[in-house]
Number of protein chains: 2
Amino acid sequence: MRDHLTARGHERREQLLSVAATLFAERGYHPTSVADIVTALGVGKGVFYWYFSSKEELLVELLRSSHHELRKRQQAAIGDEPDPLRRIELGIRASLAWFRAHRDYFSIIQLAATDERFAPVLRGNEDVALADTARHVKDAVADGVIADLDPLMLARAIHGVIGRLTRDYLIERDEPIELVADLAVAFCLRGLNP
Amino acid sequence: MRDHLTARGHERREQLLSVAATLFAERGYHPTSVADIVTALGVGKGVFYWYFSSKEELLVELLRSSHHELRKRQQAAIGDEPDPLRRIELGIRASLAWFRAHRDYFSIIQLAATDERFAPVLRGNEDVALADTARHVKDAVADGVIADLDPLMLARAIHGVIGRLTRDYLIERDEPIELVADLAVAFCLRGLNP
DNA sequence: CCGGTCGTTGACAGCGCGGTAAAGGCGTCC
DNA sequence: GGACGCCTTTACCGCGCTGTCAACGACCGG
């Protein structure tokens, strides 16, 4: 791979990331060969290794960038909302909306979670997201509006709900976001209440 | 593989299942080769194919039997408890206890979920477990003790919480079950309440 | 129009894997 | 004791994969 790319090179790189993301999500990481990726793009195999040093590196890049975008979306949704419970609600809704709009990335995160090589990256991403949620929970505890339980554990419970409902209703089925989001929010906020 | 085994043959088969489960949980499915499994047992490769027609078949067997045992444990814990909410609580505690005692199987279920070949088996297992939970939720709705929301969706939310807390606190860390179970139960039961 | 960097090609090497098969031991029952 | 069926061994096949390489094109500044 190279560090300085022309406009054309940049585009090729994006094309590779995009088509790889689609194929990974459809068929998984192992079953998708580098040959599959370049063939789908209609280019030679060397192109891949011009932009990435390995298939592994490409997936790591996919994980990093998707996490970055999800995080941006969440922060934009939350803004400067003062009420911590409302921040949690907005975060939940933003996550569901983003995953729905980027199903491929959700699937890729799922499949990377079971591979030792990618678990560290994923763990890092998750820790950041969990800390965010836990902070809102802690604020709510400080305000005395919810029970005083371990904020991090509550954050993990919330993320468990989001992950499961996303997978079952937004990825596998195609339910409207509001329907799912309303139940997720209701379940989680009640779950927090004393 | 053969259908009629002697006592010795039966034992070999169990040994293969057991050592394979350990290796799969540690290193994943793909990275664990058939050669690894038989070497860990100190036998020749042909032994494996005497008892199983493929590596794939062995994993399916692992998924089936573990689901069966988990289910038994849940039903034993629930017994004939009349209160649906209490049944849910007992089910949650039983699941956490079983997964804690059988971490390998939890990991194996996770890794099988991202492989197209095993997803159908897993989906079948999950549907059974979800239907169980959803039935208790429905009973609770009929009793008028919780809000009237989609029971299946609530069941999935509960399973999301269980899965996530199991992974983060019972598999990766080694927290005491009660600590985790108490929070899981509190979060889920409050989440159901109107 | 020319040189150099960026981009691309596709054949090929090398490896590790799942799965096979032929041949050999070992227990058991007549 | 011998014959049969359960169990085990090990060398081997074929495949598909990642990653390499040497040569070739294409764009661009001068």
Side-chain angles (χ1 to χ4, degrees), chain A residues 1-24 26-63 108 111-112 114-118, chain B residues 1-24 26-63 108 111-112 114-118:
Chain A
M1 71 293 196
R2 289 289 175 279
D3 29 358
H4 283 325
L5 298 174
T6 66
R8 178 190 171 196
H10 225 88
E11 194 181 354
R12 258 283 186 272
R13 195 183 134 94
E14 292 302 317
Q15 287 175 343
L16 283 166
L17 283 166
S18 168
V19 69
T22 307
L23 291 176
F24 286 163
E26 267 176 14
R27 296 142 61 165
Y29 178 73
H30 272 289
T32 302
S33 68
V34 173
D36 289 337
I37 297 169
V38 294
T39 300
L41 247 180
V43 298
K45 203 170 183 182
V47 169
F48 186 96
Y49 290 97
W50 179 259
Y51 295 101
F52 301 97
S53 63
S54 68
K55 200 172 95 169
E56 187 173 333
E57 193 202 88
L58 182 143
L59 181 47
V60 170
E61 170 73 28
L62 241 27
L63 293 175
I108 289 167
L111 92 230
T114 61
D115 193 309
E116 275 188 347
R117 288 169 295 179
F118 309 115
Chain B
M1 69 293 195
R2 288 291 177 279
D3 29 357
H4 283 325
L5 300 174
T6 67
R8 179 188 172 197
H10 225 89
E11 194 182 354
R12 260 282 186 271
R13 197 184 132 93
E14 291 302 316
Q15 287 175 342
L16 284 165
L17 284 166
S18 168
V19 69
T22 305
L23 291 176
F24 286 163
E26 267 176 15
R27 296 142 61 166
Y29 178 73
H30 272 289
T32 302
S33 68
V34 173
D36 290 337
I37 297 169
V38 293
T39 300
L41 246 180
V43 298
K45 202 170 179 182
V47 169
F48 186 96
Y49 290 97
W50 179 260
Y51 296 100
F52 301 97
S53 62
S54 67
K55 198 173 98 171
E56 188 174 333
E57 193 203 88
L58 181 143
L59 181 47
V60 169
E61 170 73 27
L62 241 27
L63 293 175
I108 289 168
L111 97 229
T114 60
D115 193 309
E116 277 188 348
R117 288 170 294 179
F118 309 115

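Proteins get letters first, then strands, A, B, ... in listed order; numbering begins at 1 in each. Below, all heavy atoms of this structure are taken into account, side chains as well, without hydrogens, waters or symmetry copies. Since we're looking at a predicted model, the values are computed, not measured.
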Any cation-pi pair here, B:Lys55 with B:Tyr29, using under 6.0 Å and within 45°?
->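 Positive - B:Lys55 is close enough to the ring of B:Tyr29 and near enough to its axis.
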
side-chain contact (heavy atoms from CB on, under 4.5 Å) involving B:Ser18 - partner list, sequence neighbours excluded =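 Not a single residue meets the side-chain contact (heavy atoms from CB on, under 4.5 Å) criterion with B:Ser18.
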
Could you state the atom-to-atom distance from [atom1] of [X] to [atom2] of [N] in whole Å?
X	N	atom1	atom2	answer
B:Leu41	D:dC7	CG	P	15 Å
B:Glu57	C:dG19	CD	C1'	13 Å
A:Phe48	D:dT20	CZ	C1'	14 Å
A:Gln15	C:dT8	CD	C1'	13 Å
A:His4	C:dG7	NE2	P	12 Å
A:Arg13	C:dG7	CZ	P	12 Å
A:Leu5	D:dA26	CG	P	20 Å
B:Asp36	C:dG18	CG	C1'	12 Å

C:dG19 base / B:Lys55 side chain donor-acceptor hit below 3.5 Å =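 When only heavy-atom distances are counted, B:Lys55 does not reach the base of C:dG19 through any donor-acceptor pair under 3.5 Å.
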
When you look for runs of 3 or more Watson-Crick or G-U pairs in a row, both distances below 3.5 Å, which of them include DNA chain C?
->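 When the pairs of DNA chain C are grouped into runs of at least three, the stems are C:1-5 with D:26-30, C:7-24 with D:7-24, C:26-30 with D:1-5.
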
Along DNA chain D (nearest heavy atom to each residue), the more 5'-positioned of A:Ala35 and B:His10 |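 The residue whose closest nucleotide sits nearer the 5' end is B:His10.
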
Listed nucleotide nearest any side-chain atom of B:Tyr49, set C:dG18, D:dT18, D:dC6 |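 Closest nucleotide to the B:Tyr49 side chain: C:dG18.
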
Counting heavy atoms from C-beta on, name the nucleotide in C:dA11, C:dG18, C:dT9 closest to the side chain of B:Lys45.
->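 Looking only at heavy atoms from C-beta outward on B:Lys45, the closest nucleotide is C:dG18.
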
Heavy atoms under 4.0 Å, any strand shown: does [X] hit a base, just sugar-phosphate, or nothing?
X	value
A:Val34	sugar-phosphate
B:Gly9	sugar-phosphate
B:Val43	sugar-phosphate

Take B:Asp36 and B:Thr39 through the side chain to side chain donor-acceptor pair (under 3.5 Å) test and state the conclusion after the steps.
-> CA-CA 5 Å; B:Asp36 290 337; B:Thr39 300; 5.8 Å; no

Test side chain to side chain contact (heavy atoms under 4.5 Å, CB included) applied to A:Ile37 and A:Phe52, step by step = CA-CA 12 Å; A:Ile37 297 169; A:Phe52 301 97; over 6 Å; no

OP1 or OP2 of [N] less than 4.0 angstrom from a side-chain nitrogen or oxygen of [X], does that happen here?
X	N	value
B:Arg8	D:dT8	yes
A:Tyr51	C:dC6	no
A:Arg12	C:dT8	yes
A:Trp50	C:dT8	no
A:Thr6	C:dT5	no

Check the pair A:Tyr51 / A:Glu14 against side chain to side chain contact (heavy atoms under 4.5 Å, CB included), numbers first and verdict last.
-> CA-CA 10 Å; A:Tyr51 295 101; A:Glu14 292 302 317; over 6 Å; no

Toward the 5' end of DNA chain C, by each residue's nearest nucleotide, B:Ser33 or A:Gly46 |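 Looking at DNA chain C, the more 5' nearest nucleotide goes with A:Gly46.
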
Steps toward side chain to side chain contact (heavy atoms under 4.5 Å, CB included) verdict (B:Val34, B:Tyr49) | CA-CA 9 Å; B:Val34 173; B:Tyr49 290 97; 3.6 Å; yes

Go through the steps to decide whether B:Val43 and B:Gln15 satisfy the test side chain to side chain contact (heavy atoms under 4.5 Å, CB included), and finish with yes or no.
-> CA-CA 11 Å; B:Val43 298; B:Gln15 287 175 342; over 6 Å; no

Taking the side chain as C-beta and beyond, is there a heavy-atom pair between B:His30 and B:Asp115 under 4.5 Å?
->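 Yes - at least one pair of side-chain heavy atoms lies under 4.5 Å apart.
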
